[in-house]
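Below is one structure, written out as structure tokens, with a few remarks after it.
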Amino acid sequence: HDTKPGCKDPPDLDLRLSEQPLFIERLAEGAQTHLDSRDVFELKALLNVLDTSVGTTLLYGYPSAAFTTLNQDAKGKVMEALSRSRVGLRRKAFNGLKRLLMGTAMSYNANGPGQAPHNPIWASLKYPGPPSESGNVTEGYDFIGKAYCEVNDNDTFDYIIIGSGCGGSVVARQLCKIGKCLVIEKGTPLPSDLKNVSQCESEGMCDFYEKGSLLTTNDGSLMILAGAALGGGSTVNWGCCLDTPEYVREEWNQMGLPQFAPGNKEFSRSMAEVKEYMGVTDKGITHNGMNKKLIEGCEKNKFKWKVAPQNIKDTSLKSAGWTCFGPRQGNKQGGGVTWLREYSENGGKFFQGIAVKVIHRDGKAVGVVVCKSSEKNSPSKWRTLLVKRKVICSAGSLHTPLVLQRSGFKNSNIGKNLHLHPVSCVMATFKDEILGYEGAPMTTVCTEFQKGVLNDGYGPKLECPSVHTGVMAAALPWTNGNDFKEALKSSSKMMAVIVLQRDIGGGTVTGKNNGFDPVIDYVPDKRDENNIKEGLKRAFDIIKACDGVGKVWTCHVNQPLYEPKSDPTSDRASVDAFNAAIDENGVGVNSLGLFCAHQMGSCRMGSNPGTGAVDEDGELWECENLHVIDASVFPSASGANPMVTTMSIAQMLGARIVEMHKGSELGKKLLKRRKLRRDGDTGNGKSSTSILVAGALVAVLVAVVGRTVGKKF
């Protein structure tokens with residue numbers, strides 16, 4: 001973008017991106033690769049509209065020449081009008097453009113794929129790009145080459161696992177020891193040589209995230225980051241390993257699932273086994289600049305905080321901050337270097353492709369139809385695989401419902417009750433450098449407000465994210481080019497505190513493009529909105545208590561801004577105005593930057609078919625020998641980073657399948673209990689049919705009461 005006359009910024013901040021061929025190439029490549037045909041059509045339509053005076057006038061709301069003919073100042077006014085418009089579609093259009101353009105501009109590799117990462121803007125932001133250090137790391141993914149295979153019609157396996165994420169990787173390691181297994185994974189294989197992982201932000205987002213990190217809710221208001229590579233979210237998450245909170249376990253117990261009750265030995269043992277296997281510890285943690293500030297702010301406010309246990313072996317390495325863009329150093333003990341390595345060493349195989357649907361006959365799963373990603377619209381190229389024992393659907397909360405829907409299953413809970421832990425943040429600049437992209441990103445957590453304003457267990461945790469240039473540019477509010485640039489120039493001195501809300505409200509997942517791509521409809525519940533606003537105020541308290549704080553702002557379009565005042569009365573007035581602006585701006589659609597890295601609950605577990613898609617063993621109520629084992633079975637939002645909870649559920653349910661296969665005493669008890677459920681005997685003389693009807697009525701009543709309570713608060 002252009003700068004004001006007399007600006008003395010370094011040349012790389014004065015460049016016009018529209019004149020950079022490599023940027024245009026990367027931008028077009030990302031849009032064509034990761035946006036579906038409808039999104040591409042809408043993007044082209046928007047650009048064509050802006051190329052006319054009539055279209056620009058309609059979008060701007062005032063008489064205007066075509067956007068492409070305007071000077072820089074006039075273009076800025078049009079964009080600002082779009083961002084602040086009362087019309088939701090205009091705000092959606094602006095946010096989509098800003099995320100795509102600015103996220104790409106600040107992260108793309110100007111040297112091209114396979115070359116050393118370089119971006120012409122990084123130097124002015126003091127952003128070094130991914131470091132080359134290795135430190136105490138594993139030997140890599142040398143098992144990959146021998147583990148992938150091709151498949152043919154009627155190939156037969158004992159177990160087929162759809163998805164290799166936090167659920168699929170754990171259960172695959174268990175089942176490969178008792179039978180012939182195949183893991184179907186649509187995402188990117190991890191290279192045998194870790195040096196081939198560049199950890200350049202744009203390349204990591206494209207290679208390892210769903211839709212290249214461009215996925216949003218249907219209204220465009222919430223960005224969704226979901227792992228889409230071998231190992232799923234465990235490959236790209238931030239290494240934060242929190243237990244399932246006790247109050248959440250009790251809630252699930254009260255929902256008719258006693259296996260989660262606090263103190264239940266089976267689930268507690270599974271959680272301990274998972275953490276031990278991944279080397280999770282809260283000892284010897286090195287906190288980076290942002291986490292040190294979070295601790296400082298919590299201590300000064302007397303807010304409760306704790307060290308967040310990590311599965312990152314060496315949190316002191318600068319490169320630990322880049323693990324979210326691919327496991328180049330092997331420092332984080334995600335699914336690839338743990339569960340899936342052992343799975344491979346025990347003869348387990350991978351197929352890179354898509355599970356089109358599960359084949360079921362007479363109420364039992366008997367196989368899976370698969371294809372390459374490029375063949376999903378070519379049924380003649382699909383292949384039918386047969387299964388002797390069980391199909392495990394671990395495709396994640398966005399894709400497991402789609403697999404089940406494509407397979408013809410009708411339970412009303414499939415694709416419903418989606419929880420996202422919506423996140424927003426408060427950001428600030430400091431006098432000294434923070435370097436929020438270096439080191440393990442999420443090593444502390446503030447738990448002071450996790451019970452929520454109603455003390456019902458539905459409140460936020462406050463944490464620190466990993467702040468890299470592309471994500472930061474996509475998240476920063478935009479008012480005009482120069483203010484945006486000034487904020488970016490301070491990125492090395494910037495801190496962010498995220499407000500991660502345990503959401504009581506839920507959304508839906510349906511399919512488009514023949515049911516293969518997720519459509520997410522989600523609007524935060526009023527109670528969640530109240531907690532997000534409260535969380536933003538408390539994050540503000542933490543930041544302004546820290547030494548050296550400068551400007552503070554939120555991700556609202558109508559951006560509140562705070563700067564410390566030397567006069568206590570003036571400063572108090574500024575604080576009050578900042579908090580009042582948070583309340584006034586609220587959490588409206590496309591008026592507050594919202595993000596999501598956790599997806600849960602879209603095929604939830606329930607004590608009967610009316611309250612859940614699967615039973616307490618994760619087995620589909622509609623179909624025997626088809627189990628769902630991933631975060632989609634969560635009965636409600638976990639209220640904590642969900643990796644450990646997902647893996648613990650997988651460890652517990654996988655162990656049950658093993659015991660039932662072995663015919664041990666425990667296995668016999670499990671089979672007897674399963675038979676009672678399948679025969680409709682709930683132990684109180686009621687059939688599953690009557691329970692289904694009653695459960696449906698309860699679900700309706702809960703929804704009605706929820707809406708009523710939501711309006712009240």
Side-chain angles (χ1 to χ4, degrees), residues 222-223 288-301 303 305 421-431 434 436-437 441-442 444-450 453 459-468 471-479 483-484 486-488 490-491 493-501 524 528-565 571-572 574-588 591-597:
L222 192 149
M223 292 174 59
N288 71 2
M290 280 206 297
N291 283 278
K292 288 177 181 177
K293 286 293 184 185
L294 182 66
I295 294 170
E296 178 189 349
C298 285
E299 292 282 357
K300 288 181 176 178
N301 281 286
F303 293 162
W305 69 275
H421 279 171
V423 166
S424 194
C425 69
V426 177
M427 306 179 81
T429 57
F430 281 81
K431 179 181 178 181
I434 301 294
Y437 39 77
M442 193 172 280
T444 54
V445 54
C446 174
T447 60
E448 180 74 22
F449 314 104
Q450 64 183 2
V453 294
K461 285 183 169 64
L462 308 184
E463 300 170 318
C464 289
S466 183
V467 179
H468 293 267
V471 170
M472 179 179 60
L476 278 173
W478 188 97
T479 52
D483 287 350
F484 191 79
E486 288 302 313
L488 286 174
S490 303
S491 60
K493 299 180 178 182
M494 194 176 291
M495 176 190 184
V497 175
I498 63 172
V499 177
L500 188 150
Q501 170 63 16
D528 295 321
E529 290 187 8
N530 289 337
N531 277 300
I532 291 171
K533 290 187 292 185
E534 186 68 18
L536 291 172
K537 295 175 189 177
R538 303 292 77 81
F540 175 44
D541 287 341
I542 289 172
I543 287 175
K544 68 182 176 63
C546 295
D547 292 338
V549 66
K551 293 181 179 180
V552 185
W553 64 91
T554 68
C555 290
H556 286 96
V557 172
N558 295 315
Q559 187 183 71
L561 183 65
Y562 166 83
E563 292 186 74
K565 305 288 191 300
D571 190 67
R572 184 68 254 172
S574 294
V575 170
D576 291 343
F578 190 90
N579 287 329
I582 290 175
D583 284 331
E584 182 178 351
N585 288 326
V587 191
S591 63
L592 173 66
L594 290 174
F595 312 88
C596 157

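The figures that follow rest on heavy atoms only: side chains count, while hydrogens, waters and symmetry mates do not.
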ask   = OG1 of Thr447 to NZ of Lys461: how many Å apart, nearest 0.5 Å?
value = 7.0 Å
key: Note, Thr554 side chain near Phe540 side chain (heavy atom, < 4.5 Å)   = no
inquiry  = Under 4.0 Å between a side-chain nitrogen and a carboxylate oxygen: does that hold for Lys300 and Glu296?
reply    = yes
Straight-line distance of Glu529 CD to Leu592 CG, nearest 0.5 Å = 9.5 Å
key: Residue pair Asn579, Tyr562: steps toward the side-chain contact (heavy atoms from CB on, under 4.5 Å) verdict   = CA-CA 10 Å; Asn579 287 329; Tyr562 166 83; over 6 Å; no
remark   = The reported gap from SG in Cys446 to CZ in Arg538 (rounded to nearest 0.5 angstrom) is 10.5 Å
query = Do any N or O atoms from the side chain of Lys293 and from the backbone of Asp547 form a donor-acceptor pair under 3.5 angstrom?
reply = yes
request  = Please assess Asp541 against Lys537 for the test salt bridge (Lys or Arg N to Asp or Glu O under 4.0 Å), listing each intermediate value before the final yes or no.
outcome  = CA-CA 6 Å; Asp541 287 341; Lys537 295 175 189 177; over 6 Å; no
query = Between Phe578 and Leu536, does a side-chain contact (heavy atoms from CB on, under 4.5 Å) hold up when you go through it step by step?
reply = CA-CA 10 Å; Phe578 190 90; Leu536 291 172; over 6 Å; no
ask   = Do Pro465 and Met290 have side chains that get closer than 4.5 Å, going by heavy atoms?
value = yes
task = Please answer whether the main-chain N or O of Trp478 pairs with a side-chain N or O of Asp483 as donor and acceptor at a distance below 3.5 Å.
result = no
query = Which one of Val426, Val445, Val497, Leu500 satisfies the side-chain contact (heavy atoms from CB on, under 4.5 Å) criterion with Leu462?
reply = Val497
ask   = What distance separates Asn291 CG from Met495 CE, expressed to the nearest 0.5 Å?
value = 8.0 Å
inquiry  = Less than 4.5 Å apart, side chain to side chain, heavy atoms only: is that true for Leu294 and Trp305?
reply    = no
Val499/Phe449 under side-chain contact (heavy atoms from CB on, under 4.5 Å): CA gap, chis, key distance, verdict = CA-CA 10 Å; Val499 177; Phe449 314 104; over 6 Å; no
inquiry  = Quick check for you: to the nearest 0.5 Å, what is the distance between Ile532 atom CD1 and Ser424 atom OG?
reply    = 7.5 Å
key: Stepwise side-chain contact (heavy atoms from CB on, under 4.5 Å) test for Val549 and Phe430   = CA-CA 5 Å; Val549 66; Phe430 281 81; 3.7 Å; yes
query = Are Glu448 and Asn301 close enough that some pair of their side-chain heavy atoms sits under 4.5 Å apart?
reply = no
ask   = For the atom pair CG (Asn585) and CD (Gln559), what is the distance rounded to the nearest 0.5 Å?
value = 10.0 Å
